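Quick notes on the structure that follows.
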Amino acid sequence: ESKAQSTASKADAARMHLSRLAAMLDDRLPNEDGDLNSVEKGLSTVNIGNLDDADKRSAIVLIAMLRHRMAILRGDGDTATAVRNDLAELADESDPIIDRMSHLEALHLSDPEGAKRLEAEGAMRRLVGRTTDILQRVSLGLALVEAQARSNPPGAATTLETLRDLPLPLDQAAGRRLDALLWYWHGELESTNRLAYWREAILRFRRAECPRAARSLTAILHKAL
């Protein structure tokens, strides 16, 4: 990666760097935070000054999305809201990205036992239903599964079932990662076939270039044997 960046143009190197940081943040199991400090450090070195206007805007959006996800993982609602509000100044409140951020905040940062969590789950279910992009739909659906798994496992299983047959693009790393997560959640929610599902999830995490998630799940699998 370092060699590739050293031979690339400054603009391409910046894009490669951001793509790598996004992959690092994705390489984790749902109950893990991942290597947030390394991602934070990587973001502090990003230089988007060499990008043209269109690419610069895309980079700003991606950086905001990464910072927003890290804030949610840390349970930092104030930072998550601040990042979303800053990004909204570049777009508007009706932008789909801003809408997704708002739903994710409500889903993951509300009291699991409170009424707002139930409202957030219902709102996310409706958002999943009207999202046409497959990657976004499955990603949001799995966020809902993760929230439901803590307090309503039958509801999580029902949500997971609605995602099972969606045609993920497995020629893309993001599609392969979501596919691996589907298998992980099948194992988490279906104890009778858990080991078989998790073995398959481990293989698929490796294919998705998520070695940290594969190692973590391998360790959990070994403890379960």
Side-chain angles (χ1 to χ4, degrees), residues 21-39 65-77 80 100-101 103-113 117 120-121 123-125 127-128 131 134-164 166 168 170 173-191 193-224:
L21 294 177
M24 287 174 62
L25 193 55
D26 285 339
D27 187 8
R28 58 184 176 82
L29 296 182
N31 61 339
E32 297 176 334
D33 291 343
D35 193 356
L36 296 182
N37 290 335
S38 293
V39 177
M65 291 173 66
L66 294 177
R67 292 196 180 282
H68 187 261
R69 288 167 58 192
M70 289 192 294
I72 288 178
L73 287 170
R74 289 169 169 155
D76 186 349
R100 290 195 295 269
M101 285 181 167
H103 278 75
L104 288 168
E105 285 175 41
L107 186 67
H108 290 302
L109 299 178
S110 57
D111 180 1
E113 305 299 326
R117 171 58 62 86
E121 289 182 8
M124 180 61 82
R125 192 177 300 108
L127 178 60
V128 171
T131 299
I134 294 298
L135 289 174
Q136 290 293 343
R137 184 171 186 173
V138 175
S139 179
L140 293 169
L142 287 174
L144 178 57
V145 168
E146 182 176 355
Q148 290 177 310
R150 300 169 186 170
S151 57
N152 181 19
T158 298
T159 301
L160 187 64
E161 189 64 29
T162 66
L163 304 175
R164 173 175 286 182
L166 293 177
L168 282 167
L170 298 182
R176 293 192 296 274
R177 174 183 166 272
L178 292 172
D179 180 57
L181 284 170
L182 287 170
W183 284 89
Y184 166 81
W185 279 112
H186 282 310
E188 182 71 24
L189 297 171
E190 299 180 29
S191 59
N193 295 310
R194 176 168 295 159
L195 299 185
Y197 284 134
W198 279 355
R199 288 190 186 99
E200 189 63 31
I202 290 167
L203 292 175
R204 293 176 186 242
F205 275 126
R206 289 172 179 159
R207 292 172 190 163
E209 301 178 8
C210 292
R212 178 189 292 269
R215 287 194 301 268
S216 294
L217 188 53
T218 298
I220 294 172
L221 181 62
H222 287 168
K223 290 180 181 179

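Both backbone and side-chain heavy atoms feed into the values below; hydrogens, waters and symmetry mates do not. The structure displayed is predicted, hence computed values, not measured ones.
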Please give me the minimum heavy-atom distance between [X] and [Y], naming the atom from each residue.
{"X": "A201", "Y": "Y184", "result": "CB-N, 3.7 Å"}
{"X": "Q148", "Y": "A156", "result": "OE1-CA, 3.4 Å"}
{"X": "A208", "Y": "R177", "result": "CB-N, 3.5 Å"}
{"X": "L29", "Y": "S216", "result": "CD1-CB, 3.7 Å"}
{"X": "L195", "Y": "A224", "result": "CD2-CB, 3.9 Å"}
{"X": "M124", "Y": "L104", "result": "CE-CD2, 3.7 Å"}

Point-to-point distance, once rounded to the nearest 0.5 Å, from [atom1] of [X] to [atom2] of [Y]:
{"X": "N193", "Y": "W198", "atom1": "CG", "atom2": "CH2", "result": "12.5 Å"}
{"X": "R125", "Y": "L140", "atom1": "CZ", "atom2": "CG", "result": "13.5 Å"}
{"X": "L168", "Y": "L182", "atom1": "CG", "atom2": "CG", "result": "6.0 Å"}
{"X": "I134", "Y": "L163", "atom1": "CD1", "atom2": "CG", "result": "10.0 Å"}
{"X": "L217", "Y": "E188", "atom1": "CG", "atom2": "CD", "result": "9.5 Å"}
{"X": "R199", "Y": "R204", "atom1": "CZ", "atom2": "CZ", "result": "15.0 Å"}

Would you mind listing every salt bridge (Lys or Arg N to Asp or Glu O under 4.0 Å) that reaches into [range], with sequence neighbours excluded?
{"range": "residues 205-221", "answer": "D35-R212"}
{"range": "residues 134-144", "answer": "none"}
{"range": "residues 147-164", "answer": "E146-R150, E161-R164, R164-E190"}

Below 4.5 Å, heavy atoms only, C-beta onward: do [X] and [Y] meet side chain to side chain?
{"X": "L25", "Y": "L73", "answer": "yes"}
{"X": "V145", "Y": "L181", "answer": "no"}
{"X": "E121", "Y": "L107", "answer": "yes"}
{"X": "L160", "Y": "H186", "answer": "yes"}
{"X": "T159", "Y": "L142", "answer": "no"}
{"X": "R194", "Y": "I220", "answer": "no"}
{"X": "W183", "Y": "L203", "answer": "no"}

message = Taking salt bridge (charged side-chain N to carboxylate O under 4.0 Å, His left out) as the definition, give me every residue that meets it alongside D27, ordered by chain and number, with sequence neighbours left out.
response =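 For D27 there are no salt bridge (charged side-chain N to carboxylate O under 4.0 Å, His left out) partners, ignoring immediate neighbours.
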task = Tell me, with the steps shown, if R100 and L127 meet side-chain contact (heavy atoms from CB on, under 4.5 Å).
result = CA-CA 8 Å; R100 290 195 295 269; L127 178 60; 4.3 Å; yes
message = Suppose we screen for side chain to side chain donor-acceptor pair (under 3.5 Å). Which residues come up paired with T131, at least two apart in sequence or across chains?
response =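 With sequence neighbours excluded, T131 shows a side chain to side chain donor-acceptor pair (under 3.5 Å) to no residue whatsoever.
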query = Sequence neighbours excluded, which residues qualify as side chain to side chain donor-acceptor pair (under 3.5 Å) partners of H103?
reply =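 Applying side chain to side chain donor-acceptor pair (under 3.5 Å) to H103 gives D99.
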query = Sub-3.5 Å donor-acceptor pair from the side chain of S139 to the main-chain atoms of L135, do we have one?
reply =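 Absent.
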